[in-house]
Amino acid sequence: MSNIRVRFAPSPTGFFHIGSARTALFNWLYARHTGGTFVLRIEDTDKERNSDEALKVLLDGMKWMGLDWDEGPDVGGNYGPYFQSQRQTIYEQYLKKLQDAGRTYEKEGAIWFRLEGERYTAYDEFHKAEIEKVKTAPIVIEDAVRGRVERAEEKDFVLVRKDGNPVFHLVNVVDDITMGITHVIRGEDHLSNTSKHVELFKAFEVEAPVFAHIPLILKEEGSGKMSKRDKGALIEEYESRGFLAAAVRNYITLLGWNPKDQREKLDIEEIIDLFDFPGINKGNARFDEKKLAALNAEYLRELNIASFTFLARPFLHTAGVVSEEADEDYLQSVLKLCQPKARSLESLPELCRYFFTDEYPMDTKTAEKIIKKSDPKTLLAEVLPVLEGVEPFQHEEIKNSLETLAQTQGHKVFVYFPALRYAVSGQGGGPDLLPMLEVMGRKRVTKRIKEFLT
RNA sequence: CUCCCGUUCGUCUAGCCCGGUCUAGGACACCUGGUUUUCAUCCAGGCAACAGGGGUUCGAAUCCCCUACGGGAGGCCA
């Protein structure tokens, strides 16, 4: 166990944003890599927006991602409480220190932090007003990701609101001090705030933690960082859409970090082993759902058939493809055929609907293609009696008898395949045809061919 | 408007710190072919990038400067 202590400090907003998730993940990875402690602290100072419901979304999201915390809600710890709403007296104590040091003043009912330096007033184009500014000594941050960053604060800022509640900058710094946080890993959107925070650490006469500002995730289309309303922004969405947590975790790790070799699919132990600040990129990364989906498909294919079936069942059930009492053996043999073709669990119902119901759509484009090349009805009329006679109804035997048929008719066996597939599935593509026929069974297959012929 | 950060194929990135081995490598996507049937799997191949300009140097994707572009911050939100 090292002395390294990192924290993830989300505010419960009712959803778990992919950017937050990655910040949590990077903190967690760093803690696990270094043998340090991962603290989960809930920044619930904004009373309007907080609820048990919102907290639950957050904790569930963390758990789904496999991010366990060493200290925080549910598990406790020696640095609690872990909810900012319960740390009021601590903030008051620390505020008092600043007041005693003469670093605060009151204005319009709020308490402000007083910067040190020469004061002057100037018109501010952004605030559209004449405001007081301070010429301060620049704050130098040795950021673990970006290197030396220098920035000077130039305006006093609020510490405690008119309503008596301390603001983010104060509580964040006080919590990091009192919780013994050694490394602050957070999004680059906080880089500009860091000078405020360092001013406070200095005012408290405490050494600031190491900062590591990680790049942001940009939205897939358009400009700007990913925000709640963007497609793919919410972790709970991946869960409900049947993405595998391991795949999502793997993917977002790669958004801003890489192992410096050519590998992309890495299991979590390898990532923990390799993860460190030098591997983190400086540039923002654009989210790409296609790449996530490709990784997800890889993970999906690795699943054994029992796990795959377990995960797939609810999706098929919700889509109305299989009923509650669907036959497990049949379901499993169907899924065994479809698993290699599936890119997501979400796509499964459309992929294998025709295995379960006669109510499946006939793809007209495929029909046109087939008719262009051959006369499917003639072909299937030849095939039907053969399939009715094959014994047993298994792919090897089906193949043999179709080949015999093809020979006697003077053409290659595969001329039957497209029409056959189309008649039984309505599709132009799908799993290997012969095993598919075997799984469907003679009754279903011959019935569909007959229907097609009429 | 000000400040901070960034910029290698369409996208994620390797290379950059320690200039030559980079005719810039991998992956996703896309295209072509193969897997003597289909295909969303698999295999092979292909397309495609050092933002621009100056400098330093025998030599720059790699070092320096400027510009452009992108992102972030400037809340009594977090």
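Sequence lines set the chain letters: A, B, ... in the order given, protein chains first and strands last, and positions in each chain run from 1. These numbers come from a predicted model, not from an experiment. Because only heavy atoms are used, hydrogens play no part in the values below, and waters and symmetry mates are left out as well, while side chains stay in.
Within the 4.0 angstrom heavy-atom criterion, only backbone atoms of the sugar-phosphate kind lie near A/K225; the bases stay farther away.
Look at B/rG19: it lacks any Watson-Crick or wobble partner with both distances under 3.5 angstrom. B/rU2 is paired with B/rA73 under the criterion used here, namely a Watson-Crick or G-U wobble arrangement in which both key atom distances are under 3.5 Å. As the counterpart of B/rG45, B/rC31 is assigned, both hydrogen-bonding distances of the Watson-Crick or G-U wobble pattern falling under 3.5 Å. Across the strands present, B/rA14 finds no partner; the criterion is a Watson-Crick or G-U wobble pair with both atom distances under 3.5 angstrom. Across all strands shown, B/rA24 has no partner, as no Watson-Crick or G-U wobble contact with both distances under 3.5 Å is found. Pairing for B/rA68 goes to B/rU7, judged as Watson-Crick or G-U wobble with the two contacts each under 3.5 Å.
The base of B/rA27 lies close enough to the side chain of A/K291 for a donor and an acceptor atom to sit less than 3.5 Å apart. Within 3.5 Å, a donor on the side chain of A/E264 pairs with an acceptor on the base of B/rG26, or the reverse.
Going from the P atom of B/rG6 to that of B/rC42 covers 38 Å, rounded to whole Å. Only the C1' atoms considered, B/rG25 is 23 Å distant from B/rC63, to the nearest whole Å. Rounded to whole Å, the separation between the C1' atoms of B/rU35 and B/rC18 comes to 47 Å.
The side chain of A/N258 places an N or O atom within less than 4.0 Å of a non-bridging phosphate oxygen (OP1 or OP2) of B/rA14. OP1 or OP2 of B/rA73 has not a single side-chain nitrogen or oxygen of A/R186 nearer than 4.0 Å. Look at A/K260 and you'll find a side-chain N or O under 4.0 angstrom from OP1 or OP2 of B/rG15. Contact check, A/N281 against B/rU13: a side-chain N or O comes under 4.0 Å of OP1 or OP2. Distances shorter than 4.0 Å separate none of the side-chain N or O atoms of A/H169 from OP1 or OP2 on B/rC76. The side chain of A/R301 places an N or O atom within less than 4.0 Å of a non-bridging phosphate oxygen (OP1 or OP2) of B/rC42. Residue A/R161 has a polar side-chain atom (N or O) positioned under 4.0 Å from OP1 or OP2 of B/rC77. Contact between the side-chain N/O atoms of A/S223 and the OP1/OP2 oxygens of B/rG71 is found at a separation under 4.0 Å.
The side chain of A/A285 approaches B/rU13 more closely than any other nucleotide in the set B/rU13, B/rA78, B/rG6. Nearest nucleotide to the side chain of A/S192, out of B/rC28, B/rG74, B/rA73: B/rA73. Relative to the side chain of A/V167, the nucleotides B/rC12, B/rG74, B/rA78 differ in distance, and B/rA78 lies closest. Each of B/rC1, B/rC5, B/rG75 was ranked by its minimum atom distance to the side chain of A/R146; first place goes to B/rC5. In this structure, of B/rU37, B/rA78, B/rU41, it is B/rU37 that holds the atom nearest to the side chain of A/D432. For A/R343, the side-chain atoms get nearest to B/rU41 when compared with the rest of B/rU41, B/rG71, B/rC1. Nearest to the side chain of A/Q262, among B/rU13, B/rG72, B/rG25, sits B/rG25. Across B/rC76, B/rA78, B/rU37, the shortest atom-to-atom separation from the side chain of A/V158 is found for B/rC76.
Under the 3.5 Å distance criterion, the side-chain polar atoms of A/N284 are left unmatched by any main-chain donor or acceptor of A/P215. A distance-only check finds a donor-acceptor pair linking the side chain of A/E270 to the backbone of A/D267 [under 3.5 Å].
Checked against the 6.0 Å centroid criterion, the rings of A/Y30 and A/F277 qualify as a close aromatic pair.
Annotation: side chain of A/E289 is in contact with side chain of A/F287 (closest heavy-atom distance under 4.5 Å). Contact annotation: the side chain of A/T104 never approaches that of A/V160 to less than 4.5 Å [non-hydrogen atoms, C-beta and beyond].
With the nearest nucleotide of RNA chain B identified for both A/D189 and A/P340, A/P340 has the one nearer the 5' end. Comparing A/F417 and A/D261, the nucleotide of RNA chain B nearest to each residue sits closer to the 5' end for A/D261.
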